[in-house]
**Q** 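Structure below; questions to follow.
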2 protein chains.
Amino acid sequence: MTTMQDVADIAGVSKASVSLVLNGRDAGHVKPQTAELIRQTAAKLGYRPNQLARSLRTSRTHMLGFISEEVATTPYAGGIILGAQDAASAYGYVLLTVSTDGMANEEQELAALMRYGVDGFLYSKMSNRITDVPHSLTDYPLVLVDATDRSKRFPSVEPDEFRIGYDATKRLIDAGCKRIAYVGCSEPLIAQSRRLHGYQAALSDAGMPIDDALHVDVLNNGPALRAVSKLFDEQQPDGFFCFNDARAWYVYECAARRGLTVGRDISVVGVDNHRVFAETLDPQLTTVELPHYEMGYWGACRLISIIEGHDVDTSVWPETPAPLPPLDAPIPATIHCKLIDKKSVRE
Amino acid sequence: MTTMQDVADIAGVSKASVSLVLNGRDAGHVKPQTAELIRQTAAKLGYRPNQLARSLRTSRTHMLGFISEEVATTPYAGGIILGAQDAASAYGYVLLTVSTDGMANEEQELAALMRYGVDGFLYSKMSNRITDVPHSLTDYPLVLVDATDRSKRFPSVEPDEFRIGYDATKRLIDAGCKRIAYVGCSEPLIAQSRRLHGYQAALSDAGMPIDDALHVDVLNNGPALRAVSKLFDEQQPDGFFCFNDARAWYVYECAARRGLTVGRDISVVGVDNHRVFAETLDPQLTTVELPHYEMGYWGACRLISIIEGHDVDTSVWPETPAPLPPLDAPIPATIHCKLIDKKSVRE
DNA sequence: TTGTAGGCGTTATCAA
DNA sequence: TTGATAACGCCTACAA
């Protein structure tokens with residue numbers, strides 16, 4: 001491995017000069033001639049700075065700790081990780097991931113990351129919940145992703161659930177549906193109530209009545225199927241907004257049993273949580289994507305901005321995701337996430 | 001942050017002694033008394049060794065590079081990551097993850113990991129394919145996970161697809177099915193042909209005929225649904241082994257349209273790729289899990305054994321996954337993965 | 001059995 | 001403009 005000393009020796013200069021030049025701090029310190037020479041010999045030797053040595057000296061590692069609950073059990077962890085990774089990579093950072101799925105030893109895992117000297121942490125749940133941040137993290141730069149800090153001390157990036165409910169319902173309205181049902185989730189998730197509000201708001205804005213009989217919350221399996229069956233028979237909706245695609249499946253099952261075809265006799269929009277419908281059906285028709293990638297991306301951006309001490313104007317951010325690569329998602333990218341921060345709480 | 005020098009000063013000894021004791025190399029070198037004193041003061045001060053400094057000296061980082069294609073697009077990446085992580089953590093390693101999903105700059109990402117000095121790489125696809133390992137990795141300890149090295153130079157951990165097909169079919173046979181269909185995948189995946197062989201072997205072993213009319217390979221959407229419909233009407237199978245749960249969905253849809261109920265009129269076993277049926281239906285009945293966690297786990301174990309220069313008896317491994325935490329998967333853990341290695345190629 | 005000193009590859013301070 | 005030189009925290013001959 002070629003070191004800085006090698007470059008210095010061959011270029012006939014000192015380590016100090018090499019360091020200055022290769023870090024772009026040579027303005028007015030090193031003669032442009034020698035600087036150029038140094039750059040060339042470095043390139044010729046294929047010199048790559050040793051991050052460890054640099055980190056030991058600067059006590060900055062450019063590593064981010066990515067802590068996630070539930071990577072293993074939810075399909076979309078990858079989206080968040082990828083988003084975080086892209087942002088990190090763009091700024092010269094790298095991700096040290098740790099999953100605390102089943103582990104009792106969360107604290108130990110965190111301690112391990114700290115020994116490696118990560119510059120900050122991304123703390124991610126896999127569905128937005130009120131969260132207590134582990135105490136040991138509170139001394140570090142920290143951003144929550146798809147989770148809400150109970151103490152409101154740390155910024156978080158969360159899905160805009162209201163908009164998800166609103167846009168999904170709007171799409172059914174635009175498709176001409178007259179009796180639009182909401183098949184929600186019985187668990188008290190943040191997403192559940194906000195999507196419901198979005199659903200109701202969309203109906204209101206379109207001048208349509210809000211009928212509680214068209215709204216059922218279900219869990220899984222048999223009881224869920226029966227509840228949806230009842231909804232079918234008693235209310236005969238022509239449009240269904242489903243909390244997720246697991247719930248959408250019940251609608252498909254009920255429709256099939258009644259000889260109805262989705263996309264012709266009834267319309268269904270479900271929030272895509274499992275990808276199954278993306279593969280089996282025409283995705284244009286039925287799914288709304290959660291902004292997992294975006295949350296990871298913006299979470300990492302925010303974290304890095306904290307680490308590097310930049311002052312970020314969070315008021316225009318991340319509503320305007322300019323640096324984001326274009327989304328070729330099955331639906332227009334109207335669903336975004338939002339940043340909750342001390343500087344810009346909008347709720 | 002408390003350093004080794006601090007511990008030495010307070011214990012009234014030298015750094016050297018502290019280092020020896022804290023690394024367990026004090027046998028016959030340090031008086032047990034002083035060793036104990038050192039351990040206590042270290043504990044009292046909450047001393048945590050600085051990995052960076054250690055790595056700089058030893059040129060071993062105890063970091064593993066985890067490279068994955070398709071984390072974002074397949075639901076089960078998390079399982080592999082988690083398995084790798086558990087194994088890594090058990091041996092004092094940590095995972096530096098990089099996903100190359102959409103990126104053209106794979107080489108750059110790898111270069112980044114190398115600058116951080118990872119000790120080796122886990123190279124993972126998200127479904128077993130013949131793979132060319134990036135050239136820059138070939139100088140490192142390397143293990144492939146859910147992928148097969150075309151050059152056969154590096155070990156890999158792969159699902160035992162034959163067994164998956166065999167066991168799934170066996171379950172349908174045991175459930176009393178007489179006409180068992182295979183709904184496969186038209187793409188030329190390794191899994192496809194091996195599962196088919198497993199399906200056929202199970203039928204043979206049970207003395208049942210192999211009828212090609214009961215075997216259809218499909219892709220997605222409309223055509224797939226029509227092909228399965230045809231299978232229903234022309235062959236009237238009473239059991240279905242499905243390549244994955246996306247394909248199982250077509251069977252459910254067709255059954256519902258014919259007034260048939262899965263679990264009563266027909267039986268379905270699908271390989272679980274999307275989790276949707278795990279949530280919507282009785283998982284005992286219908287799904288076979290792929291050993292993602294196990295592949296990650298054993299891949300990391302193998303990699304670490306290479307890095308540390310242990311000589312591993314791969315002939316009993318990983319068929320006997322003793323160190324694995326008990327699997328409380330919905331089905332008995334009869335489906336394992338297998339290690340392909342120079343020392344023990346069984347095919 | 002213990003301590004001293006050198007070095008891992010950087011960056012940063014200060015003279016020259 | 002440059003180049004010694006001293007850290008950063010740890011490991012490890014080697015000397016005492």
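Lettering of chains follows the sequences in order, A, B, ..., and the numbering in each one begins at 1.
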**Q** Let's see if you get this right: which residues in residues 56-65 of chain B place a heavy atom under 4.0 Å from DNA chain C?
**A**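 Residues of residues 56-65 of chain B that come under 4.0 Å of DNA chain C are, in numerical order, B:Leu56, B:Arg57.
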**Q** Is there a side-chain contact between A:Ser14 and the phosphate of D:dA4, meaning an N or O under 4.0 Å from OP1 or OP2?
**A**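 Looking at the OP1 and OP2 atoms of D:dA4, neither is under 4.0 Å from any side-chain N or O of A:Ser14.
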**Q** Check every strand shown and say whether A:Ser55 touches a base, only sugar-phosphate, or nothing at a heavy-atom separation below 4.0 Å.
**A**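 Answer is nothing: A:Ser55 stays at 4.0 Å or more from every strand.
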**Q** Do the side-chain N and O atoms of A:Thr148 and A:Glu158 include a donor-acceptor pair separated by under 3.5 angstrom?
**A** yes
**Q** Could you give the start and end, 5' to 3', of the contact zone on DNA chain C for chain A, using atoms under 4.0 Å from its heavy atoms?
**A**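 Contact span on the strand: C:dG9 to C:dA12.
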**Q** Taking for each residue the nucleotide of DNA chain D bearing the nearest heavy atom, is the 5' side occupied by B:Pro49 or by A:Ala16?
**A** A:Ala16
**Q** For residues B:Ala35 and B:Val30, report the shortest heavy-atom separation together with the two atoms involved.
**A** N-CG1, 3.9 Å
**Q** What is the distance, rounded to the nearest whole Å, between atom CD of A:Gln5 and atom P of D:dT5?
**A**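 Computing the A:Gln5:CD to D:dT5:P distance gives 13 Å.
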**Q** Holding to ring-ring contact (aromatic ring centres under 6.0 Å, His included), I want the full list of residues that pass it with A:Tyr123, two or more places apart in sequence or in another chain.
**A** none
**Q** Students often get this wrong, so: under 4.0 angstrom with heavy atoms, is B:Arg115 touching a base, only sugar-phosphate, or nothing?
**A**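 Counting heavy atoms under 4.0 Å across all strands, no contact is made by B:Arg115.
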**Q** Specify the separation, in whole Å, of atom CD1 of B:Ile38 and atom C1' of D:dC10.
**A** 15 Å
**Q** B:Asp26: which residues meet the side-chain hydrogen bond (donor to acceptor under 3.5 Å, both in side chains) condition with it, sequence neighbours left out?
**A** none
**Q** Give me the residues of residues 20-32 of chain A where at least one heavy atom lies under 4.0 Å from an atom of DNA chain C, by number, or none.
**A** A:Asn23
**Q** Can you work out whether B:Val13 or B:Ala53 has the more 5'-proximal nearest nucleotide on DNA chain C?
**A**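 First, find each residue's nearest nucleotide; the 5'-ward one identifies B:Val13.
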**Q** Rounded to the nearest Å, what distance is computed from the CG atom of residue B:Asn50 to the C1' atom of nucleotide D:dC8?
**A** 8 Å
**Q** B:Asp132: which residues meet the side-chain hydrogen bond (donor to acceptor under 3.5 Å, both in side chains) condition with it, sequence neighbours left out?
**A**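 B:Arg150.
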